**Q** 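Quick one: the structure is below, and I'll ask about it shortly.
When a ligand or atom number is given, it counts from 1 through the structure's own listing order. Sequence positions, counted from 1, serve as the residue numbers for this chain. Fair warning: this is a prediction, and the values are worked out from it, not measured in the lab.
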Amino acid sequence: MRIGVFDSGFGGLTVLRALMDRLPSADYIYLGDTARLPYGAKSQQTVARYAVSSAKFLVEEQKADYLVIACNTASALALDAIRESVSVPVLGVIETGANAAKDATESGDVLVIATAATVESHAYAEACRERGMRAVEKACPLLVPLVEEGWIDHPVTDEVLRIYLSELLADAAGRPDTLVLGCTHYPLLRTKIEEAVPETIRVIDSAEATATQVADALCLPAEFCREDGKPHERRFFATDSVKKFQTLGSRFLGAPMDKVELLDLGG
Ligand code: DGL
């Protein structure tokens, strides 16, 4: 089993990390489209064009049997286009995040923070509505550059988070008890976010939920779910500086990255 994992950059490595924990004996090919990041500030047409070319690379050239779109913006804006362009099953993180919110919430009132493009698409609101929940969404465009800068423990990030989250809570209706991290960069700020919201609000990172749903969808034999001691492929591709990808990526993956290959997908 060869699983292709795609994100606009590094954030999807948090999903890859959860997948490797859950299904250690699969092969993984990861593509971070760092040259064209951020997707979260771009139009639907552009995100779809970028995401389709990335998905095709993973399926047609790298022979992935299954594709995980570990990017909320691409999942929100381009999932249908990706599914139409490749011949393998494709899972997006909006559905897995909404499923995880459904499991967590008691009140049905859910908060979502995400990129501007994801929020404008209302993909989370729609996915929550389909599952009987009500979602209030908030775009937090400054968080991706702050994480990329490595400003995790930084007073500027604390202040930006405080402003975004207090605005979100002021807009919230009903009795919100769940906050979905609707962007793959945000899990790195999870502790800060948990500190900034009332204790009654549970913070959901869809990485683990995604790994569980991939395992369920694939119905893999038990040996894929444990280390079998054999070497398994882990290949990393980035469309911009491999050095930056290695440095920043290991922060997201939680482990050193030995080798990253440079890929040119054009503009
Ligand atoms: N990967 C994107 C997401 O999860 C965040 C970074 C970007 O804007 O490209 O929405």
Side-chain angles (χ1 to χ4, degrees), residues 4-19 30-55 58 67-79 81-82 90-98 100-101 112-125 127 135 137-152 157 160 164 179-190 193 203-210 236-241 244-245 248-249 251-253 265 267:
V5 182
F6 158 66
D7 181 32
S8 57
F10 316 92
L13 290 165
T14 56
V15 177
L16 177 64
R17 181 182 182 169
L19 279 165
Y30 183 94
L31 168 58
D33 191 10
T34 42
R36 305 188 288 194
L37 175 136
Y39 281 19
K42 297 196 169 72
S43 69
Q44 194 270 334
Q45 287 84 349
T46 302
V47 170
R49 182 159 57 85
Y50 291 173
V52 164
S53 64
S54 303
L58 287 169
L67 214 52
V68 178
I69 308 304
C71 173
N72 288 265
T73 306
S75 300
L77 276 71
L79 199 62
I82 296 169
V90 181
L91 185 73
V93 284
I94 304 280
E95 11 182 338
T96 60
V112 181
I113 54 174
T115 64
T118 299
V119 168
E120 276 160 28
S121 76
H122 297 301
Y124 268 108
E137 304 157 287
K138 168 101 184 140
C140 302
L142 294 176
L143 296 184
V144 167
L146 287 169
V147 170
E148 299 256 314
E149 196 57 36
W151 285 16
I152 308 293
T157 309
V160 169
Y164 280 146
L179 169 64
V180 178
L181 306 184
C183 169
T184 47
H185 278 61
Y186 300 173
L188 271 83
L189 298 170
R190 183 181 183 142
I193 293 168
V203 174
I204 301 287
D205 156 9
S206 57
E208 274 166 32
T210 302
F236 299 95
F237 292 91
T239 55
D240 195 12
S241 163
K244 184 175 178 196
F245 195 91
L248 211 52
R251 214 181 284 160
F252 285 84
L253 191 64
L265 285 175

**Q** Tell me: protein heavy atom nearest atom 8 (O) of ligand 1, and distance?
**A**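 For this ligand atom, the closest protein heavy atom is G40 N, 2.8 Å.
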**Q** Atoms of ligand 1 less than 4.0 Å from C183 heavy atoms?
**A**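 Answer, ordered by atom number: 3 (C), 4 (O), 5 (C), 10 (O).
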**Q** Any idea which heavy atoms bring A48 and A78 closest together, and the distance?
**A**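 Closest approach of A48 to A78: CA-CB, 3.6 Å.
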**Q** In the protein, what heavy atom is nearest to atom 10 (O) of ligand 1, and what distance, to one decimal place, separates them?
**A**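 Checked against all protein heavy atoms, atom 10 (O) of ligand 1 sits closest to T73 OG1, 2.6 Å.
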**Q** Do D7 and Y39 meet the criterion of a side-chain donor-acceptor pair at a distance under 3.5 Å?
**A**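 There is no such pair (donor and acceptor under 3.5 Å, judged by atom type) between the side chains of D7 and Y39.
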**Q** Using a 4.0 Å cutoff against the non-hydrogen atoms of S8, which atoms of ligand 1 qualify?
**A**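 Within the 4.0 Å cut-off of S8, ligand 1 contributes 1 (N), 2 (C), 6 (C), 7 (C), 9 (O).
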**Q** Counting only heavy atoms closer than 4.0 Å, does ligand 1 sit against the backbone of T115, its side chain, both, or neither?
**A**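 T115 to ligand 1: side-chain contact only, backbone stays beyond 4.0 Å.
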**Q** Could you check whether R36 and S53, counting side-chain N and O atoms only, form a donor-acceptor pair closer than 3.5 Å?
**A**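 Per modelled atom types, S53 and R36 side chains form a pair under 3.5 Å.
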**Q** H185 heavy atoms, cut-off 4.0 Å: which ligand 1 atoms fall inside?
**A**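 Matching atoms, with element in brackets: 5 (C), 6 (C).
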**Q** Can you tell me if S206 uses its side chain to pair, donor with acceptor, with the backbone of A209 under 3.5 Å?
**A**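 Judged by distance alone, no pair lies under 3.5 Å.
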**Q** Would you kindly say whether T118 and S121 are connected by a side-chain donor-acceptor distance under 3.5 Å?
**A**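 Side-chain D/A pair, T118 to S121: absent.
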**Q** What atoms of ligand 1 come within less than 4.0 Å of a heavy atom belonging to Y39?
**A**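 Near Y39, meaning under 4.0 Å from one of its heavy atoms, ligand 1 has 7 (C), 8 (O), 9 (O).
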**Q** What protein heavy atom lies closest to atom 1 (N) of ligand 1? Include the residue and the distance to one decimal.
**A**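 Closest protein heavy atom to atom 1 (N) of ligand 1: D7 OD1, 2.7 Å.
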**Q** How far apart are the closest heavy atoms of R17 and R251, and which atoms are they?
**A**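 Residues R17 and R251, closest heavy atoms: NH1-O, 4.5 Å.
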